[in-house]
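The next block holds one structure in the form of structure tokens; read it before the comments.
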Protein chains: 2
Amino acid sequence: MSEGVEWGLHCCVTLAWLGDDRPVSTARLAAFFDLPTAYLNKRLQALVRAGILASTPGARGGFRLARPPEAITLMDVVAAVEGPDEAFRCMEIRQQGAGAELPERDFRQPCGIATAMRRAELAWRRELAGQTLADILAAAPAASADRTRRWFALERTGS
Amino acid sequence: MSEGVEWGLHCCVTLAWLGDDRPVSTARLAAFFDLPTAYLNKRLQALVRAGILASTPGARGGFRLARPPEAITLMDVVAAVEGPDEAFRCMEIRQQGAGAELPERDFRQPCGIATAMRRAELAWRRELAGQTLADILAAAPAASADRTRRWFALERTGS
DNA sequence: GTTCATATACTCGGATATCGGATGTCCGAGTCTTACCGG
DNA sequence: CCGGTAAGACTCGGACATCCGATATCCGAGTATATGAAC
């Protein structure tokens with residue numbers, strides 16, 4: 001799994017902490033987490049395309065949450081960054097090669113291996129879909145939110 | 001997720017169908033599924049290192065299951081092919097960059113995001129660990145096992 | 001002092017390089033088979 | 001005819017290339033802001 005997932009989640013949490021009053025630029029977030037600015041921007045664009053973030057162009061622009069934290073599940077963020085397709089792709093190798101040349105063979109029944117893997121992945125997705133950003137915020141200590149807010153406020157006035 | 005997982009699982013199922021009487025060579029399995037022989041061999045070696053398969057070198061050599069199918073879970077095969085580390089690696093980016101330079105900040109409490117992701121991944125692993133090769137065999141139609149056995153027997157006598 | 005036009009700086013968005021790991025290939029070590037030779 | 005021996009063929013195991021996607025970077029489009037001049 002690409003590290004962009006961690007980036008996206010942390011950025012969403014940070015944006016939730018900072019509130020919707022003003023957008024936050026990529027450079028600010030990248031400085032806060034010590035990440036490559038342009039690449040982080042690319043990932044945030046994916047979140048925008050997924051409808052999780054809203055971007056405002058121009059000076060004093062940046063990103064903000066497009067929805068309230070209760071309406072953003074971890075599954076949404078992961079799917080936006082990693083793409084919609086499943087981790088385990090069944091290539092149906094049972095249908096290829098000499099094993100498939102048996103004339104009487106038919107493949108109407110789905111591959112049992114793919115079914116089992118899909119079941120596990122569904123459990124994973126269900127667990128992620130059951131957790132929202134609001135849950136993460138509630139679990140984090142309030143002091144972390146305060147410190148983060150303070151840092152972003154300081155940086156804004158300091159420049 | 002690499003496609004080697006699908007290869008390993010199908011090969012394990014096939015080896016379970018064929019029984020333990022004689023080992024099956026990589027070339028035979030690769031021909032059956034139309035896969036690159038040497039690369040499949042590389043992946044089967046990983047299963048050997050994990051103790052899932054047993055290899056017999058020399059002529060008439062090959063692979064066989066090292067344990068009965070009831071004692072091999074899908075999690076075992078996936079972990080053997082994909083490696084032991086988790087899919088989501090928490091890089092602790094919250095501890096890097098300007099956000100970590102606040103002197104009063106401490107990180108004794110684990111990252112809530114990592115905790116949530118770990119929980120989802122544990123659900124995935126639990127689901128995979130709950131399914132054994134025997135379950136896959138039981139779910140598959142008996143005709144498939146018969147056809148596979150017949151093909152491997154024919155190919156052996158035909159050469 | 002107020003208003004408007006213009007220059008400017010800042011930010012998002014996508015097109016373009018670069019790098020690491022998965023994918024694919026090849027050759028050597030080891031073992032079983034088998035043919036051959038001697039008794 | 002039987003046993004021993006040596007050559008041969010087959011297979012696993014690991015070392016060596018190759019390719020694709022994630023990672024990283026750069027430049028253009030667009031907008032809010034600040035500045036200056038005109039009234």
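The figures that follow rest on heavy atoms only: side chains count, while hydrogens, waters and symmetry mates do not. Just so it is clear: chains get the letters A, B, ... in the order the sequence lines come, proteins before strands, and each one is counted from 1. From a predicted model like this one, the values you see are computed outputs, not experimental measurements.
- To the nearest angstrom, P of dT23(C) lies 12 Å from CG of L35(B).
- In this structure, the NZ atom of K42(B) is 10 Å from the C1' atom of dG24(C), given to the nearest Å.
- When heavy atoms are screened at a 4.0 angstrom cut-off, T26(A) is found touching the sugar-phosphate backbone but no base atom.
- Taking every heavy atom of both residues into account, A140(A) and W17(A) meet most closely at CB-CZ2, 3.8 Å.
- Judged by distance alone, with hydrogens and angles left aside, the side-chain atoms of R149(B) form no donor-acceptor pair with the main-chain N or O of L18(B) at under 3.5 Å.
- Looking at which nucleotide of DNA chain C each of A59(B) and G62(A) is closest to, the 5′-most match is held by G62(A).
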What pairs of donor and acceptor atoms, side-chain ones from residues 5-13 of chain A against any protein atom, are under 3.5 angstrom apart with sequence neighbours left out?
unit_1 : atom_1 : unit_2 : atom_2 : d
E6(A)  : OE1    : M91(B) : N      : 2.9
E6(A)  : OE2    : M91(B) : N      : 3.1
E6(A)  : OE2    : E92(B) : N      : 3.2

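- Of the candidate nucleotides dG13(D), dT23(D), dT31(D), dT31(D) has the atom lying nearest to any side-chain atom of P57(A).
- Protein atom CG of N41(B) is 13 Å distant from nucleotide atom C1' of dC27(C), rounded to whole Å.
- Minimum interatomic distance between F88(A) and E121(A) (heavy atoms only, all atoms of both residues): N-OE1, 3.4 Å.
- Relative to the side chain of S25(A), the nucleotides dT11(C), dT23(D), dT25(C) differ in distance, and dT11(C) lies closest.
- The interatomic distance linking L29(A) (CG) with dT11(C) (C1') rounds to 13 Å, in whole Å.
- If you chain together hydrophobic residues whose side chains sit under 4.5 Å apart, L122(B) and I136(A) never meet in one group.
- If you measure from atom CZ of R28(A) to atom C1' of dC12(C), you get 15 Å, rounded to the nearest angstrom.
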For a quick test of your reading: what N or O donor-acceptor pairs under 3.5 Å do the side chains of residues 34-43 of chain B make, sequence neighbours left out?
unit_1 : atom_1 : unit_2 : atom_2 : d
Y39(B) : OH     : R43(B) : NH2    : 2.4

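- Look at CD on E3(A): it is 13 Å from C1' on dC19(C), rounded to the nearest Å.
- When distances run from any side-chain atom of P36(B) to the nucleotides dC26(C), dG24(C), dC12(D), the shortest one goes to dG24(C).
- Closest heavy-atom contact between T14(A) and F33(A): OG1-CZ, 3.4 Å.
- Proximity of residues 43-54 of chain B to DNA chain D (heavy atom under 4.0 angstrom from any strand atom) is restricted to Q45(B), R49(B).
- Distance CZ (R64(B)) to P (dT11(D)): 14 Å, rounded to an integer number of Å.
- Per the geometry, OH belonging to Y39(A) stands 15 Å off P belonging to dC19(C), to the nearest Å.
- Within the structure, side-chain hydrogen bond (donor to acceptor under 3.5 Å, both in side chains) contacts touching residues 67-84 of chain B (residues at least two apart or in different chains) are S2(B)-E82(B), T73(B)-D76(B).
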Side chains of residues 49-56 of chain A: which donor-acceptor partners sit under 3.5 Å, not counting sequence neighbours?
unit_1 : atom_1 : unit_2 : atom_2 : d
T56(A) : OG1    : G62(A) : N      : 3.3
T56(A) : OG1    : G62(A) : O      : 3.4

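- R64(B) approaches P23(B) most closely through the heavy-atom pair NH2-CD, 2.9 Å.
- An OP1 or OP2 oxygen of dG13(D) is reached within less than 4.0 angstrom by a side-chain nitrogen or oxygen of S55(B).
- As judged by a 4.0 angstrom heavy-atom cut-off over every strand, G4(B) is placed among residues making no nucleic acid contact.
- Of the residues in residues 73-90 of chain B, none lies under 4.0 Å from DNA chain C by heavy-atom distance.
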